[in-house]
2 protein chains.
Amino acid sequence: MPPIPELEAIRKAQILDAALRTIAEHGCANVTMDDICRTAGLSKGGLNHYYKSKNDLFMAAFQEFFKQIFQRGEDTMNLYDDPMEKLLSFSWLYNESDPDLHIGYPILFDFMAIAVHEHDYRKIFEDWIENWLALLKKALLLGQKQDRFQGVDPDAAVMTISAIYQGIATRWYLAPDTHSTAWALDSLERSVRGLLASYGETSQVKGGGYHK
Amino acid sequence: MPPIPELEAIRKAQILDAALRTIAEHGCANVTMDDICRTAGLSKGGLNHYYKSKNDLFMAAFQEFFKQIFQRGEDTMNLYDDPMEKLLSFSWLYNESDPDLHIGYPILFDFMAIAVHEHDYRKIFEDWIENWLALLKKALLLGQKQDRFQGVDPDAAVMTISAIYQGIATRWYLAPDTHSTAWALDSLERSVRGLLASYGETSQVKGGGYHK
DNA sequence: ATTCAAAAACCGACCAGGCGGTTTAATTAC
DNA sequence: GTAATTAAACCGCCTGGTCGGTTTTTGAAT
């Protein structure tokens, strides 16, 4: 008989949270089940009751992670009305005083390294990206409904914008001494505005030389 | 007696190459010394003669990797005379039929995941980035000497350009089904041109709303 | 209300396998 | 013959997963 129906959900959330924090601290390669047990305040057997294997736990933890991060992005974007502000609303990714990010970035890097080799993990990553793109696309199409971003190819543009976010994030997090937050924010805005403007100037940018 | 004096250099190169290929195939977390030995055509004892520990070998392998990649970037860039062409000359990073890249990307992802936690690794990454930035900066300054890229802040701009390369690369490699090579090349060119143009339009892009 | 049985939740000692590193034996070159 | 280099057997540690046992909770029976 289940003592309380929601106990399982509580325990699982507790374990996933512990797993994510432990992975972020030690890195996937070095983390042991014992570490996670200790962080979660459970024994090996107790943990095993909810997740059969290490891989099961990791998969669940990563999915939970991506869900949370995306939710935060969506919520933050919805705070803005202006399409361009929506597109630039993910600047919270470059907030060095946000403790969640110091868990999130290590996990993301670890995850991508695994995704290179493991198909299941790669699929999760791809789906996550698809969600981001859909979110950005909504903002971009809203702008086009207001006669802005003329000539912009929505699908290609949101892929690029999202990639720019990621590129800046990579440098901002891994080489913070040289890549300041101010640089990240300025770069993001310049790049995104520049990209969108590039569609307006010419329908085909390829092949032509650059003449100021 | 060493049959040939330069045997050590040959063996080390052979081992490093084997290590890089093995890491790329299996991922850092799963690779064993035995794997590398087998790939290198050496025994455990033989390998141990040249590299005392796994960590020694990995450090050396990663340094070798970054050296090679950078060398290739520098060589390729030097094939071009036009500053803008130089800035865009790293498009070989998005050549899916280049077998070296299918070794390079896995290694880079693995390396970054480790660099998050290990200071020594992070330092190698930062130095590598510094080298790229210096390379790009040379091209950009050459352009400014030709009265192009006016108003562009060289240091900030090359950081952004380099970050854009990385962001596009991340998506292009990890989600190739949706992020085609054509998209990568087009995105790169649009983003870089757009970024550089953004400096010319206004000296301060921040704070203002976007009005088409 | 109290007792009791059954099921769920939880614990932690234990085990087998795999790993990095070491040591010992064999082989080669001169 | 000897020194140097390679090969392979070996060792000890660590880890993930198992498994019997223990506690806790529930619901029914008295």
Side-chain angles (χ1 to χ4, degrees), chain A residues 1-62 110-111 113-114 117-118 120-121, chain B residues 1-62 110-111 113-114 117-118 120-121:
Chain A
M1 293 295 149
I4 30 178
E6 62 272 7
L7 177 63
E8 180 171 343
I10 292 173
R11 284 279 180 274
K12 284 198 171 185
Q14 167 187 357
I15 293 171
L16 291 182
D17 180 66
L20 288 176
R21 279 188 289 128
T22 312
I23 292 173
E25 187 176 350
H26 300 300
C28 259
N30 306 313
V31 93
T32 70
M33 294 297 264
D34 284 337
D35 289 334
I36 298 173
C37 293
R38 234 172 292 132
T39 307
L42 281 170
S43 72
K44 217 166 186 177
L47 201 152
N48 189 264
H49 183 73
Y50 294 100
Y51 292 99
K52 285 94 191 144
S53 72
K54 193 180 187 181
N55 194 55
D56 278 354
L57 173 57
F58 273 37
M59 287 282 273
F62 280 124
D110 255 327
F111 182 87
I114 299 174
H117 303 284
E118 308 261 347
D120 293 342
Y121 285 70
Chain B
M1 285 292 156
I4 23 178
E6 59 275 292
L7 177 64
E8 180 170 343
I10 292 174
R11 282 278 181 273
K12 284 198 170 185
Q14 169 186 356
I15 293 170
L16 291 183
D17 181 65
L20 289 176
R21 277 188 290 129
T22 312
I23 292 173
E25 187 176 350
H26 300 300
C28 258
N30 307 313
V31 92
T32 70
M33 294 296 266
D34 283 337
D35 289 335
I36 298 173
C37 293
R38 234 173 292 130
T39 308
L42 282 168
S43 75
K44 219 167 183 177
L47 200 153
N48 193 272
H49 182 257
Y50 294 101
Y51 292 99
K52 286 96 193 144
S53 72
K54 193 180 188 182
N55 194 55
D56 278 354
L57 172 58
F58 274 36
M59 286 284 271
F62 281 125
D110 255 328
F111 182 87
I114 299 174
H117 303 284
E118 309 261 347
D120 292 344
Y121 285 69

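The chains referred to below are lettered A, B, ... by the order of the sequence lines, with proteins before strands, and numbering in each begins at 1.
Checked against side-chain hydrogen bond (donor to acceptor under 3.5 Å, both in side chains), B/Asp120 has no partners two or more places apart in sequence or in another chain. Not counting sequence neighbours, the partners of B/Thr32 by the side chain to side chain contact (heavy atoms under 4.5 Å, CB included) test are B/Asp34, B/Asp35.
Protein atom CG of A/Leu42 is 14 Å distant from nucleotide atom C1' of D/dT23, rounded to whole Å.
How far CE of B/Met33 is from CZ of B/Arg38: 12.5 Å, rounded to the nearest 0.5 Å.
The salt bridge (charged side-chain N to carboxylate O under 4.0 Å, His left out) analysis of residues 45-56 of chain A, with sequence neighbours excluded, yields no pairs.
A/Asp110 and B/Ala113 get closest at one heavy-atom pair: OD1-CB, 3.7 Å.
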Give the table of side-chain donor-acceptor pairs shorter than 3.5 Å for residues 11-27 of chain A, with sequence neighbours excluded, one pair per line with atom names and distance.
residue: A/Arg11; atom: NH1; partner: A/Gln14; partner atom: OE1; Å: 3.0
residue: A/Gln14; atom: NE2; partner: A/Ala40; partner atom: O; Å: 2.8
residue: A/Asp17; atom: OD2; partner: A/Arg21; partner atom: NE; Å: 3.0
residue: A/Asp17; atom: OD2; partner: A/Arg21; partner atom: NH2; Å: 3.0
residue: A/Thr22; atom: OG1; partner: A/Ala18; partner atom: O; Å: 2.6
residue: A/Thr22; atom: OG1; partner: A/Thr39; partner atom: OG1; Å: 3.1

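Near-neighbour residues of DNA chain C inside residues 23-40 of chain A, defined by a heavy atom below 4.0 Å, are absent. In the region residues 45-56 of chain B, proximity to DNA chain C at under 4.0 angstrom, judged on heavy atoms, holds for B/Asn48, B/Ser53, B/Lys54.
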Are B/Ile36 and B/Tyr51 close enough, and set up right, to give a side-chain contact (heavy atoms from CB on, under 4.5 Å), and what steps lead you there? CA-CA 12 Å; B/Ile36 298 173; B/Tyr51 292 99; over 6 Å; no
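Remark: B/Arg11 is not in phosphate contact with D/dT5, judged by side-chain N or O atoms under 4.0 Å from OP1 or OP2.
The A/Lys44 side chain lies nearest to C/dG12 when the options are C/dG20, D/dT6, C/dG12.
Using cut-offs of 30° and 60° on the angle between ring planes, the pair A/Tyr121 and A/Phe111 is tilted.
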